[in-house]
Structure formats: structure tokens, C-alpha cells
A.B. asks: 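Take this structure, written in C-alpha cells, and hold onto it; I'll ask about it next.
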Amino acid sequence: MTMQEFMEKIEKRNPGEPEFIQAVRGVVETIWDTYINNPRFVKNNVLERLIEPERVVSFAIPWVDDKGQVQVNRGYRVQQNSAIGPYKGGIRYHPKVNLSTLKFLAFEQTLKNSLSTLPMGGGKGGADLDPQGKSEGELMRFTQSFMMELWRHLGPQTDVPAGDIGVSAREVGFMFGTYKKLANEFTGVITGKGINWGGSLVRPEATGFGTVYFCQEQLKTKGTSLQGKRVAISGFGQVSWGAAKKATELGAKVVTLSGPDGYILDESGVNTEEKFAYMVEMKNANHNRVEEYAKKFNVPFFAGKRPWEVKADIALPCAIQNELNGDDAAALIKNGCIVVSEGANMPCTPEAVQAFIKAKVLIAPGKAANCGGVSTSGLEMAQNATHCSWSREEVDAKLQAIMKNIHQACVTHGTESDGYINYIKGSNIAGFMKVANAMCDQGVI
Ligand code: NDP
């Protein structure tokens, strides 16, 4: 079978799922030679089996809003692959959540978790709820209804979700509380928990910190560092916050943040405790528009635009999928950008990725560069399982070591003959090999 025939089969089986097909194609194109030249993988049909989720649940979420009206949303959990550990991946509340998005995220998560070096399978879930403007009471009732169904599919050795877009520590708390009541047990069934009831230090910052640690490794391969670099960041959430904090700490100047309304250009840098605290306050209030940042800190705001037109040495897309296209990539390249690390999942379109590779810009995909989040969730699971908690320094040191290992795996599997490190290829091959071998070891089941 050729790669094209293989992809045609996958497309036929998953109609109307463009994000899922985009993610699968991106992986298949880079691992095909590795796959097809391994008779054991081919005999066990591991690639097709890896693409097909092991289980998908979809369910109704009825709930009552503050006006007493009954609403209904749709919830999902995609349990993609459990070859190397329990399903693990976040829950997203966003009006655009659908099966295609969650299947792309669960598929990517499987390879990401494999890269993390920790024993975690892949999954993702969510609901088509728009959390913007919802009261705390509404979010609690909604989340309780969501968990009334989902809890039966979870368990510390079965499936361990976490937060994602629209689901922060508050919603994680409501999920955990509901699970605890229904299962009548206090177990580490979800990560991103509050620090007083099983959470891990550094988890809130981990994704953004990890993205910057990874970026630091990329820069080292070019003989340079973050010191004095201009950084363009998109997003205004948990990942952007962690990335801005760590990049600043390591000597870079972060000049942009963005929301769905546009971007801000802060030439003095997003670099004070006041600015970081404001980001946390907005995130906790589910507020992702940045125009108010511009007013509060008296900086320019560019309505309806993306930050990629700004001159920057480094780009960290930390908002949402497909937020950086081919034109954006061309603008960044023209302005001298040398490294791109994806804090978000699949924020660069395939055209953008190709443009960066062609221009020899070092581009790290989310499954490698934002792996610090799920890795620290894995560390939270380890602490829960042994009923202990580690210090901030201990968790941070483990996070740094994990990001370095992932970077090395990308270098090992992705270095081209001319010395260019193709992180897309490297991360896909490294992630795939581990899962594929485990699937072969466990038989056709
Ligand atoms: P946020 O809660 O901050 O959400 C990201 C927001 O980006 C969305 O709410 C969306 O707003 C907004 N957005 C949409 N389009 C744009 C745009 N063009 N420019 C800027 N912002 C836009 O999420 P997080 O910080 O938690 O996550 C960000 C990304 O990182 C996601 O891709 C997530 O999957 C990924 N990630 C997060 C991890 C974590 O630990 N939190 C771990 C690993 C990956 P709207 O709703 O109005 O469309």
C-alpha cells in the first residue's frame, strides 16, 4: 500500500473531520518510511490501529442556567490509545468543540505522552460549552452534569483527564468533587488539582515553562540563548502566562500577547509582577480579550490582527490551533525569526510549517514543545500514587530534565543530512516508535 492509498482510506473512514485528517496526515507523512520498512509494525497494522481511537463516548449534558432555563450541551471523551499507560489528556470547554477537534487532539496527545518519557496513554475530551460570561454557579452545575456521565469511564489506572482551554483549576475542582462523591473515593483521577488536595507545585506554569525550556535547547543548537531576544507570544491564557514569565526570567523581552480580538504590542516588555498577576486574574475570570491590557498598561492594541507581523527573534504561538498561517510565517521569516516553539496544539498550519522548514527556521511542534504540561501532570500522578508531594525545585528540575530528553529525542530522529533539525519528523518518529512497539508486544487486542 502506498502512503497516498493509506491516507485515502483514513479520509474515507473519517468524513467531515478536517482537523483530525490534518493532524494524521502531518504525522503519517513524516513516519511513513519508518513504518513501512518495519515488518513487525506492518504485520501488526499498528499505524491504522493507532489512528483509530480505542473508544469514543459522546453524551448529553443537561443543566440549568441562572435564569432557571434548562440547557443541553454535548460532551465527549476520546480514549485514543492505552498501549503505554492509562488514557491521559485534557478536557476543553469551547463552543467549537466537536469530534474532529477532539480526535486530532487525542491522536497528537498519544504521541506527545509517549515523548514525555512517562507511562501515559493518550486521550482528550470536552464539551461545546462557551464558558465566556458564565457564572461560577452555572459552571459548577454544568461540570457536575458533565461528570455524572464521564466518571464511569475514568479511574486512576484507566483514564486521568486534566484541564485545557476553558477548564482551569476551578473547573478541575468541580470535576474532582463530583467524581469523589460518585465513586466514594479520593484518588488521583484528574490532574491540575488544587495544591492542598493533591495538586503538584509548578503544574499551572508547566506548559509555558516547558515551552521556553525547549526553546532554550533549540537556541543552544544555534550557539545562542534567550538573553536579549525579542519574543512574540500569542494567547492570553495559562500557557502564554507561563511562557512570558519564564522567557523574561531567562533574559528575553516578550513584546506581544493576543486574544481573539487582536494583539497588544508592549515595547517595555510583558515583564512585571503586576502584568503577570493581571494575566492570571483575567484567566481566572475566563476573560481572553487583550484590548483591556492595552488600556490598563497604555500600550498599542491592533484590533483583528495577529502578532506575527511584529519583528521578533522567537515566536511562541500559545493560543489555539491554526492561528499562524503561511502568510504569518512569511512575515516572521522576513523579520528574522530563527526559532518557533508551539506552546499551543497545532497552532501553525501545514503551509506555515513547510515555510519554516524551507527557510531552515527551527520549528518545534506542540507535541514536543508543550509537553511540559502533561509531563508535570504525570509527575502529579506519581506524587498522588506515592502519597507524597515534592518541592517546587524538585518538580522544576524534573520538568527541565524531561524537556531536555524530548529535545534530544528530536535531534536523534530528526537531524537531516545537512545538519538541520527537523523537529516535526524527529518528534513524530520518537513518539510513534514507543507506542508502536508496545502495541506489537501486547498482541492484536
Ligand atoms: P486559554 O484558556 O487561554 O485559551 C486559548 C484561547 O485562545 C481561547 O479561549 C480562544 O478564544 C483564544 N483564541 C482564539 N483565536 C485566537 C487568536 N487568533 N489569537 C489569540 N487567541 C485566540 O488556553 P490555554 O492557555 O490553557 O491553552 C492554550 C493552548 O495550549 C491550547 O492549544 C491548548 O490545547 C494548549 N495546551 C495547553 C496546556 C495547558 O496546560 N493549559 C497543555 C498543553 C497544551 P475564544 O474562546 O474566544 O475563541
Side-chain angles (χ1 to χ4, degrees), residues 19 23 88-97 101-102 104-106 108-109 112-113 115-116 122 124-126 128-134 161-172 191-192 199-200 202-211 214 232-244 256-264 279-280 282-291 293 302-308 315-325 328 341-349 365-378 380 399:
E19 293 87 356
K88 178 98 196 85
I91 303 278
R92 177 175 292 194
Y93 288 173
H94 193 277
K96 289 190 186 144
V97 158
T101 310
L102 294 179
F104 118 63
L105 289 163
E108 287 282 297
Q109 191 83 46
K112 183 193 301 190
N113 292 1
L115 276 176
S116 77
K124 198 83 187 188
D128 60 352
L129 175 87
D130 187 356
Q132 298 281 318
K134 299 282 183 298
D164 188 60
I165 291 178
V167 176
S168 54
R170 178 178 56 182
E171 290 76 22
V172 165
T191 57
S200 174
V202 192
R203 177 60 190 92
E205 302 92 330
T207 308
F209 276 23
T211 301
F214 196 93
I233 293 186
S234 63
F236 192 45
Q238 187 169 343
V239 182
S240 327
W241 162 70
T256 64
L257 294 171
S258 73
D261 54 341
Y263 79 91
I264 60 100
M279 290 177 80
V280 173
M282 292 297 107
K283 166 78 189 157
N284 290 342
N286 266 326
H287 186 96
N288 60 14
R289 308 297 192 260
V290 288
E291 188 172 7
Y293 178 106
F302 300 87
K305 295 209 158 182
R306 294 166 172 178
W308 317 125
L316 305 178
C318 297
I320 203 156
Q321 65 268 13
N322 292 328
E323 52 152 323
L324 195 163
N325 63 24
D328 298 322
S341 305
E342 294 186 340
N345 289 312
M346 208 169 74
C348 298
T349 63
K367 70 169 72 69
N370 72 34
C371 193
V374 74
S375 300
T376 310
S377 283
E380 183 174 329
L399 170 63

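We count ligands from 1, going down the list as the structure has it; atoms in each ligand are counted the same way.
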A.B. asks: At what distance is the nearest protein heavy atom to atom 23 (O) of ligand 1, and which residue and atom is it?
C.D. replies: Ile165 CG1, 3.4 Å
A.B. asks: If you measure every N/O of Lys124 against every N/O of ligand 1, is any gap under 3.5 Å?
C.D. replies: no
A.B. asks: With heavy atoms of Arg92 as the reference, note each atom of ligand 1 found under 4.0 Å away.
C.D. replies: 31 (C), 32 (O), 33 (C), 34 (O)
A.B. asks: Checking contacts here: is it the side chain or the backbone of Arg203 that comes within 4.0 Å of ligand 1, counting heavy atoms only? Could be both or neither.
C.D. replies: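 Contact part for Arg203 vs ligand 1: side chain (C-beta onward).
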A.B. asks: Distance check, rounded to the nearest 0.5 Å: Ser234 atom OG versus Glu323 atom CD?
C.D. replies: 3.5 Å
A.B. asks: May I ask you to check if ligand 1 and Thr207 share an N or O to N or O distance below 3.5 Å?
C.D. replies: yes
A.B. asks: Select the closest option to atom 28 (C) of ligand 1 among Ala319, Ser168, Pro307, judged by heavy-atom distance.
C.D. replies: Ala319
A.B. asks: Counting heavy atoms only, which of Val374, Thr101, Asn288, Ile233 comes nearest to atom 8 (C) of ligand 1?
C.D. replies: Asn288
A.B. asks: Any side-chain heavy-atom pair from Ile320 and Ile165 closer than 4.5 angstrom?
C.D. replies: yes
A.B. asks: Mind checking whether Gln238 and Pro204 have side chains closer than 4.5 Å, heavy atoms only?
C.D. replies: yes
A.B. asks: Measure Asn345 to ligand 1 on non-hydrogen atoms and call it side chain, backbone, both or neither using the 4.0 Å cut-off.
C.D. replies: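 Near ligand 1, Asn345 shows its backbone as well as its side chain.
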A.B. asks: Going by distance alone, is a donor N or O of one side chain under 3.5 Å from an acceptor N or O of the other, for Lys88 and Thr191?
C.D. replies: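 Checked: Lys88/Thr191 side chains pair up, N/O donor to acceptor below 3.5 Å.
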A.B. asks: For ligand 1, does Cys318 get within less than 4.0 Å through its side chain, its backbone, both, or neither, judged by non-hydrogen atoms?
C.D. replies: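 The part of Cys318 near ligand 1 is the backbone, not the side chain.
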A.B. asks: For atom 48 (O) of ligand 1, what is the nearest protein heavy atom, given as residue, atom name and distance?
C.D. replies: His94 NE2, 3.1 Å
A.B. asks: I'd like the name of whichever of Ser240, Pro260, Ala344, Gly89 reaches closest to atom 13 (N) of ligand 1 through any heavy atom.
C.D. replies: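 Among Ser240, Pro260, Ala344, Gly89, the closest heavy atom to atom 13 (N) of ligand 1 belongs to Pro260.
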A.B. asks: I need the nearest protein heavy-atom contact for atom 17 (C) of ligand 1: residue, atom name and distance, please.
C.D. replies: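 Scanning the protein heavy atoms, the shortest distance from atom 17 (C) of ligand 1 goes to Gly259 O, 4.0 Å.
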A.B. asks: So do Thr101 and His94 actually touch side chain to side chain, heavy atoms under 4.5 Å?
C.D. replies: no
A.B. asks: Knowing that exactly one of Gln109, Glu108, Lys112, Lys367 qualifies, which makes a side-chain hydrogen bond (donor to acceptor under 3.5 Å, both in side chains) with Asn345?
C.D. replies: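 Looking at Gln109, Glu108, Lys112, Lys367, the match for Asn345 under the side-chain hydrogen bond (donor to acceptor under 3.5 Å, both in side chains) is Lys112.
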A.B. asks: Between atom CD1 of Ile91 and atom CG of Leu105, what is the distance when rounded to the nearest 0.5 Å?
C.D. replies: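 Rounded to the nearest 0.5 Å, the CD1-CG separation comes to 11.5 Å.
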A.B. asks: Look only at interatomic distance and state if Val239 has a nitrogen or oxygen under 3.5 Å from any nitrogen or oxygen of ligand 1.
C.D. replies: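 Yes: some nitrogen or oxygen of Val239 is under 3.5 Å from one in ligand 1.
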A.B. asks: Could you tell me how the ring of Phe236 sits relative to the ring of Tyr293: parallel (under 30°), tilted (30 to 60°) or perpendicular (over 60°)?
C.D. replies: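 It falls in the perpendicular class, over 60°.
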A.B. asks: How long is the straight-line distance from CG of Leu257 back to CE of Met282, given to the nearest 0.5 Å?
C.D. replies: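 Between atom CE of Met282 and atom CG of Leu257 there are 13.0 Å.
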A.B. asks: Note the single closest protein heavy atom to atom 20 (C) of ligand 1, along with its residue, its atom name and the distance in Å.
C.D. replies: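 Result for atom 20 (C) of ligand 1: Ser258 OG, 3.1 Å.
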A.B. asks: How far is atom 33 (C) of ligand 1 from its nearest protein heavy atom, and which residue and atom name does that atom have?
C.D. replies: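 For atom 33 (C) of ligand 1, the nearest protein heavy atom comes out as Asp164 OD1, 3.3 Å.
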A.B. asks: Has ligand 1 got any nitrogen or oxygen that is less than 3.5 angstrom from a nitrogen or oxygen of Gln238?
C.D. replies: yes
A.B. asks: Would you mind running through ligand 1 and noting each atom that sits below 4.0 Å from a heavy atom of Lys283?
C.D. replies: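 Contacts of ligand 1 toward Lys283, numbered from 1: 1 (P), 2 (O).
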A.B. asks: I'd like the name of whichever of Leu324, Thr376, Ile320 reaches closest to atom 15 (N) of ligand 1 through any heavy atom.
C.D. replies: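 Among Leu324, Thr376, Ile320, the closest heavy atom to atom 15 (N) of ligand 1 belongs to Ile320.
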A.B. asks: For ligand 1, does Arg289 get within less than 4.0 Å through its side chain, its backbone, both, or neither, judged by non-hydrogen atoms?
C.D. replies: side chain
A.B. asks: What's the shortest heavy-atom distance between Ala243 and Leu316, and which atoms?
C.D. replies: CB-CD1, 4.2 Å
A.B. asks: Measuring from Arg170:CZ to Lys283:NZ, what's the distance to the nearest 0.5 Å?
C.D. replies: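 Taking CZ in Arg170 and NZ in Lys283, the distance rounds to 10.0 Å.
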A.B. asks: Test of understanding: given a 4.0 Å heavy-atom threshold, classify the contact between Gln321 and ligand 1 as side chain, backbone, both, or neither.
C.D. replies: neither
A.B. asks: Look at Arg92 together with Asp164 and state whether they make a salt bridge at an N to O cut-off of under 4.0 Å.
C.D. replies: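 Answer for the salt bridge query: yes.
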A.B. asks: Does the side chain of Arg306 come within less than 4.5 Å of Asn325's, by heavy atoms?
C.D. replies: yes
A.B. asks: What atoms of ligand 1 come within less than 4.0 Å of a heavy atom belonging to Gly166?
C.D. replies: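 Going through ligand 1 atom by atom, the ones under 4.0 Å from Gly166 are 2 (O).
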A.B. asks: Tell me which protein heavy atom sits closest to atom 3 (O) of ligand 1, plus the residue, atom name and distance to 0.1 Å.
C.D. replies: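 Looking at atom 3 (O) of ligand 1, the protein heavy atom closest to it is Gly237 CA, 2.9 Å.
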